[in-house]
Engineer: 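For reference, the structure I am asking about is given below.
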Amino acid sequence: MDELSGEQIEVRDSLTMLTPQQIDQARTWWASLPETEKEIRREHSEKLRRNFGIPLPEGEDGWAAVCYEDENS
């Protein structure tokens, strides 16, 4: 809560370094993958992040962004 204005300010950890345009590309790319491929990519991304204590994404958009970033790094 911002004490001066009384407005609530949301603070989140950034899980990727993607631009808004890249996130749109990630969503399109993710939607084109079969479910089995998505699961393989989720597992791979989860292992990478777990080793470094990096938070895991929530929801399809989060996984799309994280896996897209992994694919293109």
Side-chain angles (χ1 to χ4, degrees):
M1 175 82 76
D2 181 354
E3 293 180 30
L4 297 177
S5 68
E7 294 179 32
Q8 188 172 12
I9 300 171
E10 182 178 341
V11 178
R12 298 184 305 174
D13 290 333
S14 177
L15 299 173
T16 72
M17 298 297 288
L18 299 178
T19 65
Q21 180 183 9
Q22 290 171 316
I23 290 173
D24 287 341
Q25 292 169 344
R27 287 181 184 127
T28 301
W29 170 78
W30 189 252
S32 73
L33 296 176
E35 286 302 316
T36 54
E37 183 67 21
K38 288 179 184 179
E39 187 59 36
I40 290 167
R41 290 174 183 272
R42 278 188 203 106
E43 289 174 6
H44 174 73
S45 293
E46 184 177 342
K47 286 178 189 174
L48 288 175
R49 282 154 182 77
R50 188 181 310 130
N51 290 337
F52 295 100
I54 300 171
L56 297 174
E58 294 180 17
E60 287 298 303
D61 283 349
W63 282 112
V66 166
C67 292
Y68 183 81
E69 187 174 59
D70 289 350
E71 174 75 9
N72 292 291
S73 61

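Throughout, residue positions are numbered sequentially from 1 according to the sequence presented.
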Engineer: If I take atom SG from residue C67 and atom CD1 from residue I40, how far apart are they, to the nearest 0.5 angstrom?
Structural biologist: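 Nearest 0.5 Å value for the SG-CD1 distance: 11.0 Å.
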
Engineer: Treating R49 as the side-chain partner and S45 as the backbone partner, does any N or O pair qualify as donor plus acceptor under 3.5 Å?
Structural biologist: yes

Engineer: Give, for atom CD of Q25 and atom OG1 of T19, the distance between the pair rounded to the nearest 0.5 Å.
Structural biologist: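 Going from the CD atom of Q25 to the OG1 atom of T19 covers 7.0 Å.
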
Engineer: So, taking the atom named CG in N51 and the one named CD in E46, what distance separates them when rounded to the nearest 0.5 Å?
Structural biologist: 10.5 Å

Engineer: Excluding sequence neighbours, so at least two apart, what forms salt bridge (Lys or Arg N to Asp or Glu O under 4.0 Å) with E35?
Structural biologist: K38

Engineer: Quick one, K47 with E43, criterion salt bridge (charged side-chain N to carboxylate O under 4.0 Å, His left out). Give me CA distance, side-chain angles, the key distance, then yes/no.
Structural biologist: CA-CA 6 Å; K47 286 178 189 174; E43 289 174 6; 5.5 Å; no

Engineer: If you take all heavy atoms of L18 and A26, which pair is closest and at what distance?
Structural biologist: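 Heavy atoms only, the tightest pair is CD1-CB, 4.5 Å.
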
Engineer: Tell me, do W63 and W30 make a side-chain contact under 4.5 Å, heavy atoms counted?
Structural biologist: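 Yes, at least one pair of side-chain atoms sits under 4.5 Å.
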
Engineer: Drop me the distance from D24's CG to D61's CG, to the nearest 0.5 angstrom.
Structural biologist: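 So the gap between those two atoms works out to 9.5 Å.
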
Engineer: Q22 versus E69: any side-chain heavy-atom pair under 4.5 Å?
Structural biologist: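 No, too far: nothing below the 4.5 Å cut-off.
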
Engineer: Y68 and L56: same hydrophobic cluster, using ILVMFWY side-chain contacts below 4.5 Å?
Structural biologist: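 Yes, same cluster.
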
